[in-house]
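Per chain, numbering begins at 1; letters A, B, ... match sequence-line order. Here the structure is a predicted model, which is why all the values come from computation and not from measurement.
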2 protein chains.
Amino acid sequence: MTRAAPNPARRIREDIESRIHSGEWRPGTRIPIEQELAARYGCARATVSKALAELVAAGLVERRRKAGSFVAHPPVHSAVMTVPDLAELIAARGEAYRWEARAVVRRKNAGEADTLQIDGIHFAADEPFALESRTIELAEVPAAAEANFAVEAPGTWLLAHIPWTSARHVVRAIAATRAEAAALATNSGAACLQLERDTWRGDRPVTHVRQLFRGDRFDLVAEFQAGTGKRDPG
Amino acid sequence: MTRAAPNPARRIREDIESRIHSGEWRPGTRIPIEQELAARYGCARATVSKALAELVAAGLVERRRKAGSFVAHPPVHSAVMTVPDLAELIAARGEAYRWEARAVVRRKNAGEADTLQIDGIHFAADEPFALESRTIELAEVPAAAEANFAVEAPGTWLLAHIPWTSARHVVRAIAATRAEAAALATNSGAACLQLERDTWRGDRPVTHVRQLFRGDRFDLVAEFQAGTGKRDPG
DNA sequence: CTTCATATTATGTCTAGACATAATGGCCCA
DNA sequence: TGGGCCATTATGTCTAGACATAATATGAAG
């Protein structure tokens, strides 16, 4: 058997990538068929296929049976948003972080499982940074009943204790109510960024949060990196 | 050669996925070694490896040489945000879409390449939906000089003509200025969602946009889907 | 008792060949 | 001319085996 070159798949991927990035192969361009690529790079078709599969995962390429592989049209409208853990975010800024709980209430729901309702404020350098209002489903996270949310912010606690989740975030600009404005040390009607997050484990709800930030103190960043193929789970 | 079951890789992936989702295998848990999984599922090791590779791509699993494969810790703080093409978004709502350009100016920059400055308004059902202010680098997109941005929104045009990009979005809540409020048919100081996007081709800037939405008419959604492995570029 | 070399182990990658599947494009028939 | 069937073709998936690589564990030497 012919011995393999060190990294054919990688070479193929990077070659195609650079052709796409350079504009030589524009969106919609048909990529040579796998057989031909295999011949050109001197490797097995499975290797070409793997390289193409990675490019598909990166969003650079689309493949259709019989039709062939094509340079994908740029999905400019999707990007990875980093939703901060507030304790981390503020610590990273070098400011003192503090969490102050205003209310921790266990709600008994007739027939259904109980929920925990937690309201509080995140402080950065002793100034109010975000209002938080959270509901935790005790059926999914029974251990939450024992946690002391007067001391630790529930988001931080949950991150460390929940097995796995999927989540949906909704970002919206709203005007602060009088009460919210007071809590955030701003004026009534001020523009605020509201982040709502629903979290599930499988298909069962785990927690719902609403976080409210002063518009002049916080913004969200989302990045779209075409085809780097980077996986950096940190 | 033993014939393969219809979809072993998929079966393996879904099985492991469900164990992770159910909490049976918690974050950090070691997944059985590939040999054992291959034996258990009655398939080749390469197939197990492929299934695991997909789970890694989905962020559910981490693999380390010699050490083994492990259930990853949930990266709850990242989610995929879908940034809409406004023409599409509004059409999808079943409302009439209209773009109105207010100014299209070519700026000559001494020594450097020219830029195109475009300001306009997106309308949904004849009501102002978003203000847009955009700069296009003509050095990167010379064809833009010929486009008629009085008729077609530049975002839509660019989507169809730019080879490939990476992008950075910043989302912020701001109060509308008097002029912005007037253009958006709301009142001065109203909470608005501002989306700024810088787009590059390779490392060279292509375009910068600032879009302003009325807070009560628009929100952004970001999803974090653990391990569905869904690729839906459509 | 520590340190370094080495064997072991589990993942990483590749090959050559086989069969599956779906979409296209042309052919045949009405 | 129009519509439906079918062969072709390119991707999709899998197998069994081989070698590469990195990290750990072990054992030997100082």
Student: Main chain of A:Ala67, side chain of A:Arg30: is a donor-acceptor contact present, judged purely on distance under 3.5 Å?
Tutor: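 Yes; judged by distance alone, with no hydrogens or angles, the pair exists.
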Student: Does A:Arg63 put a side-chain nitrogen or oxygen below 4.0 Å from OP1 or OP2 of D:dA10?
Tutor: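 So the side-chain polar atoms of A:Arg63 never come under 4.0 Å of the phosphate oxygens OP1 or OP2 of D:dA10.
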Student: Give me the residues of residues 45-53 of chain B where at least one heavy atom lies under 4.0 Å from an atom of DNA chain D, by number, or none.
Tutor: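 Under 4.0 Å from DNA chain D: B:Arg45, B:Ala46, B:Thr47, B:Lys50.
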Student: When you measure from the side chain of A:Thr135 to the backbone of A:Thr207, do you find a donor-acceptor pair of N or O atoms at a distance under 3.5 Å?
Tutor: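 Here the side-chain-to-backbone pair does not exist.
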Student: Would you kindly check if the NZ (Lys) or CZ (Arg) of A:Arg64 is within the cone defined by 45 degrees around the ring axis of A:Phe70 and under 6.0 Å from the six-membered ring centre?
Tutor: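 Cation-pi check for A:Arg64 and A:Phe70: passes.
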Student: In whole Å, what is the span from the CZ atom of B:Phe70 to the C1' atom of D:dA23?
Tutor: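 It is 11 Å, rounded to the nearest whole Å.
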Student: Between A:Gln35 (CD) and C:dT15 (P), how many Å, whole number?
Tutor: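 Going from CD in A:Gln35 over to P in C:dT15 covers 13 Å.
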Student: Any salt bridge between B:Arg19 and B:Glu17, counting N to O under 4.0 Å?
Tutor: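 A salt bridge is absent here (no side-chain N lies under 4.0 Å from a carboxylate O).
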Student: Can you measure B:Ile12 atom CD1 to D:dT13 atom P for me and round it to whole angstrom units?
Tutor: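 After rounding, the reported distance stands at 13 Å.
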Student: Which heavy atom of B:Pro154 sits nearest a heavy atom of B:Trp99, and at what distance?
Tutor: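 Residues B:Pro154 and B:Trp99, closest heavy atoms: CD-CZ2, 3.5 Å.
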Student: Each nucleotide N or O in nucleotides 21-25 of chain C that has a protein N or O under 3.5 Å away: list the pair and distance.
Tutor:
{"from": "C:dT21", "atom 1": "O2", "to": "A:Arg65", "atom 2": "NE", "distance (Å)": "3.2"}

Student: Rounded to whole angstrom units, what separation is found between the CZ atom of A:Arg30 and the C1' atom of D:dT11?
Tutor: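 Roughly 11 Å, once rounded to whole Å.
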Student: Using a 6.0 Å cut-off, check whether atom CZ of A:Arg98 has over 12 heavy atoms from anything other than its own residue.
Tutor: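 Yes.
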Student: Can you say whether the rings of B:Phe213 and B:Phe129 are parallel (under 30°), tilted (30 to 60°) or perpendicular (over 60°)?
Tutor: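 Rings of B:Phe213 and B:Phe129: perpendicular, over 60°.
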Student: By nearest nucleotide on DNA chain D, pick out whichever of B:Gly42 and A:Pro32 is the more 5' one.
Tutor: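 Final value for this comparison: A:Pro32.
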Student: Determine whether the aromatic ring centres of residues A:Trp157 and A:Phe149 are separated by less than 6.0 angstrom.
Tutor: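 Between A:Phe149 and A:Trp157, the centre distance is under 6.0 Å.
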Student: Atom CZ of residue position A:Arg10 - does it have more than 12 heavy atoms of other residues, nucleotides or ligands inside 6.0 Å?
Tutor: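 Not buried by this count: 12 neighbours or fewer within 6.0 Å.
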Student: Which whole-number value in Å describes the distance from B:Ile31 CD1 to C:dT9 P?
Tutor: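 In whole Å, C:dT9 P and B:Ile31 CD1 are 21 Å from each other.
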Student: Roughly how many Å is it from OH in B:Tyr41 to C1' in D:dT15, rounded to a whole number?
Tutor: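 Taking OH of B:Tyr41 and C1' of D:dT15, I get 19 Å after rounding.
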Student: Whole angstrom is fine here: how far is it from CZ in A:Arg13 over to C1' in C:dT13?
Tutor: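 Answer to the nearest Å: 13 Å.
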Student: Starting at atom CD of B:Glu54, determine the distance to atom P of D:dG12, rounded to an integer number of angstrom.
Tutor: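 From B:Glu54 CD to D:dG12 P: 12 Å.
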Student: Looking at the side chain of A:Ile33, which of D:dT11, D:dT15, D:dC14 is the nearest nucleotide?
Tutor: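 Per side-chain heavy atoms of A:Ile33, the pick is D:dT11.
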